[in-house]
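Shown next, in structure tokens, is the structure this report addresses.
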Amino acid sequence: MPRLPFRLLFATLSLALSLPVAAADTALTTVSERSGFLKTGRYDEVGALCDAFVRAYPKSVRCVSFGTSPEGRPMKALVASTSGALTADRARRRGLPVVLIQGGIHAGEIDGKDAGFLALREVLEGKAAAGALDKLVWVFVPVFSVDGHERFGAWNRPNQRGPEEMGWRTTAQNYNLNRDYVKADAPEMQAMLRLIEEWDPLVTVDLHATNGAQFEHDISIQVEPVHAGDAGLREAGTALRDGTIADLAQQGSLPLPFYPSFVTYDDPTSGFEDGVPPPRFSHGYFLLRNRIGMLVETHSWKEYPVRVRITRNTIVSVLERTAQNGGDWLRAARSADTAAAALAGQPAALTWAAGPSARTIDFRGYAYTRTPSEVSGALMTRYDETTPQIWQVPLRDDIQPAISVAAPGAGYIVPAAHAAWVGEKLRLHGIQFRRTAAQAGAAVETYRASKTGFAGQSVEGHQRLSVEGAWSRDSRDIGNGSLFVPIAQPKARLVMALLEPAAPDSLLAWGAFNNAFESKEYMEDYVAEQVAREMLEDPAVKAAFEQRLREDKAFAGDPAARLQFFYRRHPSWDERYNLYPVMRTDVAPR
């Protein structure tokens, strides 16, 4: 079939998208659909449509509010199923898989809201995914970042074609929700985690539009577990990813299984690198819960009608494939829960990375030039969308564990001083824990940092911290009211992601324990001078000091470092400095 010129293709798709409106009940259509997918509606439309679908399909749709935004807007979800299971309890008792599909986590990338309502109407009418809602429950969140959605403007997405106006990337509190899954700072994320814990979705689909370069590919589909997570569940994740990509390709799309961001910014010749995202991101989070997460990224430079149609096709494909395979995938998820609960003592990957080897792929780009800019002076890429071109570029996709840590024998102990706030985080994620009684001289493992690095710039309102160090055997008192977090639970991987210092989105990494790595007490220099003279009477100390002077010129020339040498050996030195407060144990405390 010959390729249509882009403008003709756009016009054809726009016409096709607008045709159903005349026949459909306009109460169930969006502002976007009625405008030929040139516009998107304001947030009050979500509530109106939520109620309209319930009126039209009272036995198949529920409309729920699952939270309230900081600016006072209700966070809405539609629950759809023709099975009669419109509550989480009924879905659980019936053994039905739950598919959670969310739009507008970045409210400028609003394809998912308009595509989701379109798909919902067509599925309920029997025009798409016929019979799927008999076999599953679909929980649809049209807009996650509801306050961000109402920061409405024409230029909120300068790297995107349409709609005419759209919302903003972050919340009213300026949180990026797709960096918040683990740390859960935003009230919106806390509400979402409660919804997730209530429904326990087998599949969660997060609908976005990209930023980045210009090329012909129109969508990327990334799923985990595929490269990481439970081995058995990876088969299910791979089947969903590959099946969805096949469906989209059959419908004329050019889907990718990786996010199309160049290894070197703005340089197409650098190619691409696949990977496993950290759990601040949606599809990096759900694999730690032994569930399937899908990231959908339409290409922002495609016109809005095209992006909505492709997103609608993706939703329909996910529903069809989950209806067909959901029973098997649910069993795989339950098996993954059982395997995770037996993780004690075994190595667990905290991060993953693509190896250095690359393969060459054919990538459908456009002709381009790279010349110095007369504006910035930098080398700049300019694309010619009238001239498609096959790029032969490297792809690094041999993904292996990068940091692995053995899981503790029994679990983690959070000291009483931190029990309240850590306990709240654990509850949000549905992680099991209990309070402990006091215990003197418990055999534990403690982690002391040998090197710390505080970030020089705030990230999401946090000063992030990186540490180097190791766990070692120790004896410590456990205070009354401390928390014991067992590793023998289905969310064991999520426990480690939160509490292991080396995990990229651990509570430590997000700066929650920075106080433990700040020196608070000090010794006056004139006191340290006297202490040093007294300590030098010890031959071993004297020999160590003189050796350091000979071998370390920087040390020898630094008066403060020389005094610190003695202060660190003095009984007044803070023994808890650089000691991570959370402990590991091989024996469950009382």
Side-chain angles (χ1 to χ4, degrees), residues 341-348 350 403-423 425-426 431-452 465-489 492-493 495-503 506-509 511-523 531 535 538 540-541 544 564-590:
L343 196 60
Q346 300 181 39
L350 301 178
I403 298 175
S404 292
V405 174
Y412 297 87
I413 297 171
V414 179
H418 297 277
W421 72 265
V422 173
K425 295 289 185 185
L426 299 176
I431 290 172
Q432 303 164 22
F433 65 92
R434 62 175 171 83
R435 296 270 181 172
T436 69
Q439 183 177 345
V444 296
E445 287 182 284
T446 55
Y447 183 100
R448 190 178 298 275
S450 57
K451 184 178 180 181
T452 60
L465 173 66
S466 61
V467 296
E468 294 178 15
W471 292 101
S472 60
R473 297 291 178 182
D474 203 347
S475 177
R476 294 277 166 174
D477 294 342
I478 299 174
N480 187 52
S482 297
L483 306 183
F484 172 61
V485 188
I487 199 68
Q489 59 177 299
R493 288 189 176 87
V495 170
M496 294 185 71
L498 282 160
L499 297 179
E500 277 295 328
S506 67
L507 297 175
L508 180 148
F513 291 102
N514 279 3
N515 261 341
F517 303 91
E518 299 171 3
S519 181
K520 303 294 185 176
E521 190 55 271
Y522 64 96
M523 181 180 284
V531 164
M535 294 180 72
D538 183 333
V541 174
Q564 189 84 327
F565 175 91
F566 298 98
Y567 180 29
R568 284 177 175 269
R569 287 162 171 77
H570 193 266
S572 64
W573 178 254
D574 181 6
E575 181 273 335
R576 295 187 185 180
Y577 176 55
N578 279 349
L579 185 70
Y580 178 41
V582 176
M583 297 168 278
R584 293 166 37 130
T585 180
D586 290 335
V587 180
R590 298 188 297 273

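Note that this is a predicted model, so its numbers are computed, not measured.
Minimum interatomic distance between Pro589 and Phe484 (heavy atoms only, all atoms of both residues): CD-CD1, 3.4 Å. For the residue pair Ile478 and Ala442, the shortest heavy atom distance occurs at CD1-CB, 3.6 Å. Between Ser506 and Pro501, the closest heavy-atom pair is OG-O, 3.7 Å. Nearest heavy-atom pair, Gly481 versus Arg435, reported as atom, atom and distance to 0.1 Å: O-NH1, 2.8 Å. Closest approach of Gly441 to Asp477, counting heavy atoms only: N-OD1, 2.8 Å. Taking all atoms of both residues into account, the shortest heavy-atom contact from Ala492 to Ile487 is CB-O, 3.2 Å.
Of the candidates Leu499, Val414, Val582, Leu499 is the only one forming a side-chain contact (heavy atoms from CB on, under 4.5 Å) with Leu507.
Within a 6.0 Å sphere centred on NZ of Lys451, other residues, nucleotides and ligands contribute 12 heavy atoms or fewer. Arg434 CZ: more than 12 foreign heavy atoms inside a 6.0 Å radius.
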Ser472 and Thr446: CA distance, side-chain angles, deciding distance, side-chain contact (heavy atoms from CB on, under 4.5 Å) verdict: CA-CA 6 Å; Ser472 60; Thr446 55; 4.2 Å; yes
Check against side-chain contact (heavy atoms from CB on, under 4.5 Å), Asp586 and Arg473: CA-CA 11 Å; Asp586 290 335; Arg473 297 291 178 182; 2.9 Å; yes
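A heavy-atom distance below 4.5 Å is found between the side chains of Glu521 and Tyr567. Counting heavy atoms from C-beta on, the side chains of His418 and Leu483 never come closer than 4.5 Å. Residues Leu498 and Ile431 are in side-chain contact: their nearest non-hydrogen atoms beyond the backbone lie under 4.5 Å apart. Side-chain contact between Tyr577 and Lys520 is absent, with no heavy atoms from C-beta onward closer than 4.5 Å. Between Leu465 and Phe513, the closest side-chain pair of non-hydrogen atoms is not below 4.5 Å. Counting heavy atoms from C-beta on, the side chains of Thr436 and Ile413 never come closer than 4.5 Å. Contact annotation: the side chain of Arg569 never approaches that of Asp538 to less than 4.5 Å [non-hydrogen atoms, C-beta and beyond]. The closest side-chain heavy-atom distance from Phe566 to Val541 is below 4.5 Å.
Tyr447 pairs by the ring-ring contact (aromatic ring centres under 6.0 Å, His included) definition with Trp471, not counting sequence neighbours. Judged as a salt bridge (charged side-chain N to carboxylate O under 4.0 Å, His left out), and not counting sequence neighbours, the contacts of Arg584 are Glu445, Glu500.
A distance-only check finds no donor-acceptor pair linking the side chain of Arg448 to the backbone of Asn578 [under 3.5 Å]. Formation of a donor-acceptor pair under 3.5 Å by the Ser450 side chain with backbone atoms of Glu468 is found in this model. Under a 3.5 Å cut-off, the side chain of Gln489 and the backbone N or O of Val485 do not form any donor-acceptor pair. Remark: side-chain polar atoms of Ser482 are paired, donor with acceptor, to backbone N or O of Ala416 under 3.5 angstrom.
Note: Phe517 CZ to Ser466 OG = 10.5 Å, rounded to the nearest 0.5 Å. Interatomic distance, Arg576 CZ to Asn515 CG, rounded to the nearest 0.5 Å: 13.0 Å. A distance of 4.5 Å separates CZ of Arg590 from CD of Gln439, quoted to the nearest 0.5 Å.
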